[in-house]
Amino acid sequence: MITPKNFSVNREGREITGERIFDAPRQLVWKLWTDPDLIPQWWGPKKYKTTVEKMDFRPGGVWRFIQQEPNGNEYAFSGEYREIVPPERLVYTFNFEPIGPGHELIEVVTFEEINGKTKMTNKAIYKTIEDLEGMLRSGMEEGAMETMARFDELLRKHS
């Protein structure tokens, strides 16, 4: 998804977009991306333990993931699925619960098959420029790159 070469910020549109091409068919990428049993194996930086607390995978269904640091601190992320078009498109809200309500963003993830590979585009749309800048300052780019490296590694295990 996000590497220094395919990570872009559109401040005017309050968007951060990442793209990545996976050497795997779209059906497999979709399956691993949406399987609650596999998500803890790739979601978030490796040093954190991720738990899928809720994942009601249907439009209107909610999700909630918990990340735990090695020292025991926990951080929760949650949202609602808005659109699910297997294996092409996924739209959901995203909340980082520690910053509280009112900072929800929308994530639009698309999966395009190109000659047996899958181009994944992840667009995050923020309510305010302050939220976008705060996310950039949080180190999200580094975390997103590590997350996608872990996802790529999981794909190789399942190919």
Side-chain angles (χ1 to χ4, degrees), residues 1-3 6-22 24-45 48 50-68 74-114 117-141 143-148 150-152 154-155 158:
M1 172 170 81
I2 298 173
T3 68
N6 60 16
F7 176 85
S8 64
V9 177
N10 173 344
R11 286 180 169 79
E12 197 170 288
R14 299 179 323 273
E15 299 173 357
I16 298 175
T17 302
E19 294 180 345
R20 186 164 178 135
I21 295 178
F22 296 107
R26 181 168 62 175
Q27 284 287 356
L28 181 61
V29 172
W30 177 267
K31 179 184 181 323
L32 272 56
W33 192 271
T34 59
D35 185 329
D37 293 330
L38 297 175
I39 288 170
Q41 295 180 41
W42 64 268
W43 205 85
Y48 299 140
T50 297
T51 303
V52 175
E53 182 184 271
K54 292 181 192 171
M55 189 170 172
D56 183 9
F57 194 60
R58 61 180 176 85
V62 296
W63 64 274
R64 189 167 193 259
F65 302 165
I66 310 290
Q67 282 190 331
Q68 185 178 48
E74 290 187 346
Y75 306 97
F77 303 82
S78 60
E80 177 185 307
Y81 295 104
R82 298 257 176 102
E83 182 181 347
I84 299 172
V85 183
E88 301 172 14
R89 181 176 165 88
L90 181 59
V91 179
Y92 53 93
T93 61
F94 182 102
N95 294 289
F96 178 50
E97 292 180 9
I99 64 171
H103 301 279
E104 180 177 87
L105 62 100
I106 304 290
E107 286 214 35
V108 179
V109 187
T110 57
F111 303 88
E112 178 183 358
E113 184 141 348
I114 303 171
K117 297 182 179 190
T118 303
K119 177 181 176 185
M120 189 274 299
T121 303
N122 186 327
K123 181 180 290 189
I125 306 161
Y126 295 82
K127 283 186 174 179
T128 68
I129 190 68
E130 291 79 15
D131 285 349
L132 181 146
E133 296 293 348
M135 185 63 80
L136 290 171
R137 283 190 305 273
S138 76
M140 61 77 64
E141 185 177 356
M145 285 191 293
E146 186 175 343
T147 294
M148 289 303 96
R150 294 180 70 201
F151 188 77
D152 215 11
L154 184 63
L155 272 172
H158 287 265

Here's a test for you: under side chain to side chain contact (heavy atoms under 4.5 Å, CB included), which of Val9, Ile99, Leu105 qualifies with Met135? Leu105
Would you please name every residue forming a ring pair (Phe, Tyr, Trp, His ring centres under 6.0 Å) with Phe94, sequence neighbours left out? Trp63, Phe77
Got a second to check how far [X]'s [atom1] is from [Y]'s [atom2], nearest 0.5 Å?
X: Lys123; Y: Glu19; atom1: NZ; atom2: CD; result: 9.5 Å
X: Phe111; Y: Glu88; atom1: CZ; atom2: CD; result: 11.0 Å
X: Arg64; Y: Glu80; atom1: CZ; atom2: CD; result: 15.5 Å
X: Tyr48; Y: Glu146; atom1: OH; atom2: CD; result: 9.0 Å
X: Thr110; Y: Leu90; atom1: OG1; atom2: CG; result: 10.0 Å
X: Leu132; Y: Lys127; atom1: CG; atom2: NZ; result: 14.5 Å

Side chains of [X] and [Y] in contact at under 4.5 Å (non-hydrogen atoms):
X: Tyr92; Y: Val109; answer: yes
X: Val52; Y: Pro40; answer: yes
X: Pro98; Y: Tyr75; answer: yes
X: Glu133; Y: Arg11; answer: yes
X: Asp35; Y: Leu32; answer: no
X: Trp43; Y: Gln67; answer: yes

Please report the closest heavy-atom contact between [X] and [Y], naming both atoms and the distance.
X: Trp42; Y: Thr147; answer: O-CG2, 3.3 Å
X: Leu28; Y: His158; answer: CD2-O, 3.9 Å
X: Pro36; Y: Met55; answer: CB-SD, 3.6 Å
X: Pro45; Y: Gly143; answer: CG-CA, 4.2 Å
X: Met148; Y: Met120; answer: SD-CE, 3.8 Å
X: Gly102; Y: Asp131; answer: O-OD2, 4.2 Å

Backbone N/O of Gly44 and side chain of Arg150: donor-acceptor pair under 3.5 Å: yes
When you measure from the side chain of Thr118 to the backbone of Arg26, do you find a donor-acceptor pair of N or O atoms at a distance under 3.5 Å? yes
Counting neighbours of CD on Glu83 that are heavy atoms of other residues, nucleotides or ligands and sit closer than 6.0 Å, is the number greater than 12? yes
Does the gap between the ring centers of Trp33 and Phe151 come in under 6.0 Å? yes
Might you work through the side chain to side chain contact (heavy atoms under 4.5 Å, CB included) test for Glu74 and Thr51, ending with a clear yes or no? CA-CA 10 Å; Glu74 290 187 346; Thr51 303; over 6 Å; no
Going by distance alone, is a donor N or O of one side chain under 3.5 Å from an acceptor N or O of the other, for Glu97 and Ser78? yes
